[in-house]
Each structure stands twice: as structure tokens, then as C-alpha cells.
Amino acid sequence: QVRLVESGGGLVQAGGSLRLSCAASGSIFRIDDMGWYRQAPGKQRELVASITQGGVTNYADSVKGRFTVSRDNAKNTVSLQMDSLNPEDTAVYYCNARIRRDRFDTSPIYWGQGTQVTVSS
């Protein structure tokens, strides 16, 4: 069984910062890409940022220059530092990761339960 557990969401004023963390646990052989998605009310889930095992990052245009994704391969964690937050960043943020449980696994995607981020104006 593999689990992803997020932490760090909350309420912050516009211009403020939050840091989200996500820890993977369970039977893990290797973690490939990790990342963060978000879903605002009435909108589709969208990619926020992703990072490969080697540290190559990718960001949505709307968060470039404000958000930073990082990971600790030894601890099986991924983090999202969010600065200069604005009300449009309000959403439920989900951690995801492609995880292999053994060397024959196909690297399926796992999701966390989500954490609410609310930015007040």
C-alpha cells in the first residue's frame, strides 16, 4: 500500500506565503515524477508544478516566479513553496507521484487527499 499525505495548507492574506509538503510512504521501490495540482471550485484540476527525480522542474505559467517545487529523494517528500499568493490561488492542492512498488511496476500515479489553500484579499 502506498500513501501520499499532504500538510501545510491554510488561510493567508494576499501577498503572503505558504509551504505545502507531501510525504510518500508504504512499499516504495522508486519514485519518478512528483508534483502538485490544484482544483478551484467549478474548475478542472490543473497542474501547478512538477519535478523529476533528477530535479528538472515544470511550472504552470500562472505560478512561475512565485512558486518553487522541490523534493527530497531520501525522504520521499515533495514540497511547494508558494510566495506572493493572490486570491486566484485559492484551491484544494493535491500532491501526486508516479511510484513503482518494485522494479517490474509500471509507475502508476498516486494522489494525496488534498489540502485547502485560501487566500483572502
Side-chain angles (χ1 to χ4, degrees):
Q1 188 76 2
V2 172
R3 292 183 64 203
L4 295 177
V5 178
E6 300 110 335
S7 60
L11 173 64
V12 64
Q13 287 189 332
S17 298
L18 280 175
R19 184 176 181 86
L20 305 182
S21 296
C22 173
S25 63
S27 179
I28 297 172
F29 172 73
R30 173 190 167 103
I31 302 179
D32 295 321
D33 292 0
M34 304 185 82
W36 293 91
Y37 282 69
R38 68 186 180 187
Q39 187 166 19
K43 295 188 177 181
Q44 290 188 334
R45 190 174 296 189
E46 62 175 2
L47 173 69
V48 176
S50 65
I51 183 168
T52 68
Q53 194 192 52
V56 178
T57 58
N58 179 48
Y59 295 94
D61 288 342
S62 59
V63 307
K64 282 180 181 177
R66 301 188 298 122
F67 290 11
T68 303
V69 63
S70 60
R71 65 188 284 174
D72 185 328
N73 290 331
K75 296 182 178 179
N76 291 335
T77 60
V78 61
S79 298
L80 184 68
Q81 177 66 38
M82 304 184 293
D83 299 318
S84 301
L85 284 160
N86 59 61
E88 289 70 38
D89 296 316
T90 295
V92 177
Y93 284 70
Y94 297 90
C95 166
N96 85 338
R98 288 190 174 273
I99 299 175
R100 305 186 199 191
R101 292 168 297 170
D102 56 56
R103 65 190 182 98
F104 302 107
D105 205 353
T106 57
S107 193
I109 297 173
Y110 292 86
W111 292 90
Q113 79 285 358
T115 185
Q116 178 69 46
V117 171
T118 303
V119 184
S120 63
S121 56

Participant: Output yes when a side-chain donor or acceptor of E6 lies under 3.5 Å from a complementary backbone atom of Q113, and no otherwise.
Facilitator: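 Indeed, once roles are kept as given, a pair shorter than 3.5 Å links the two residues.
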Participant: Where is the tightest heavy-atom contact between I28 and I31, given as atom of each residue plus distance?
Facilitator: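 So the two residues come closest at CG2-CG1, 3.7 Å.
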Participant: Check for me, please, whether W36 and V92 land in the same ILVMFWY cluster - side-chain distances under 4.5 Å, paths through other members count.
Facilitator: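 Cluster IDs for W36 and V92 differ.
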Participant: Shortest non-hydrogen contact from I99 to D105?
Facilitator: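 Scanning both residues completely, I find the closest heavy atoms to be O-OD2, 3.7 Å.
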Participant: Under 4.5 Å between any side-chain heavy atoms of V78 and C95, yes or no?
Facilitator: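 A side-chain contact exists here, since the closest heavy-atom pair is under 4.5 Å.
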Participant: If you group Ile, Leu, Val, Met, Phe, Trp and Tyr by side-chain heavy-atom gaps below 4.5 Å, do M34 and L47 land in one group?
Facilitator: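 In one cluster: no.
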Participant: How long is the span from the CE atom in M82 to the CG atom in L18, to the nearest 0.5 Å?
Facilitator: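 Answer for the CE-CG pair, M82 versus L18, is 4.5 Å.
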Participant: Taking D89 first and then R38, would you say they form a salt bridge - that is, a charged N and a carboxylate O separated by under 4.0 Å?
Facilitator: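 Result for this pair is yes, salt bridge flagged.
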Participant: How close do S84 and R66 get, counting heavy atoms only, and between which atoms?
Facilitator: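 What the structure gives for the nearest pair is O-NH1, 2.9 Å.
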Participant: Specify whether Y37 and W111 have parallel, tilted or perpendicular ring planes, treating 30° as the upper limit for parallel and 60° as the lower limit for perpendicular.
Facilitator: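 It falls in the perpendicular class, over 60°.
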Participant: Name the one of N58, T57, L20 that satisfies side-chain contact (heavy atoms from CB on, under 4.5 Å) with V69?
Facilitator: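 Single side-chain contact (heavy atoms from CB on, under 4.5 Å) partner of V69 among N58, T57, L20: T57.
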Participant: If you compare all heavy atoms of R101 against all heavy atoms of V2, which two are closest, and at what distance to 0.1 Å?
Facilitator: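 Minimum heavy-atom separation between R101 and V2: CG-CG2, 3.8 Å.
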Participant: What pair of heavy atoms forms the shortest contact from A49 to L80, and how long is it?
Facilitator: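 Closest pair (atom of A49, atom of L80, distance): CB-CD1, 4.2 Å.
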Participant: Linking I/L/V/M/F/W/Y whenever their side-chain heavy atoms sit closer than 4.5 Å, directly or via other members, would V117 and Y94 fall into one cluster?
Facilitator: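 They do not share one cluster, since no chain of ILVMFWY contacts under 4.5 Å joins V117 to Y94.
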Participant: What's the shortest heavy-atom distance between R71 and D32, and which atoms?
Facilitator: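 Shortest heavy-atom contact: NH1-O, 2.7 Å.
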Participant: What do you reckon, is CZ of R3 surrounded by more than 12 foreign heavy atoms closer than 6.0 Å?
Facilitator: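 For R3, atom CZ is not crowded (no more than 12 foreign heavy atoms under 6.0 Å).
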Participant: Under a 3.5 Å threshold, yes or no: a donor from one side chain and an acceptor from the other, between S79 and Q81?
Facilitator: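 There is no such pair between these side chains.
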Participant: Find the distance between CD1 (I109) and CG (L4) and round it off to the nearest 0.5 Å.
Facilitator: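 Result: 11.0 Å between the selected atoms.
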Participant: OG1/T118 to CG/L11 distance, rounded to the nearest 0.5 angstrom?
Facilitator: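 One gets 6.0 Å once the value is rounded to the nearest 0.5 Å.
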Participant: If you measure from CG on D102 to CZ on F29, what distance do you get to the nearest 0.5 Å?
Facilitator: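 Rounded to the nearest 0.5 Å, the CG-CZ separation comes to 7.5 Å.
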Participant: Report the distance from atom OG1 of T90 to atom CD of Q116, rounding to the nearest 0.5 Å.
Facilitator: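 Reported to 0.5 Å precision, the distance equals 7.0 Å.
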Participant: Tell me, with the steps shown, if S70 and R19 meet side chain to side chain contact (heavy atoms under 4.5 Å, CB included).
Facilitator: CA-CA 11 Å; S70 60; R19 184 176 181 86; 3.8 Å; yes
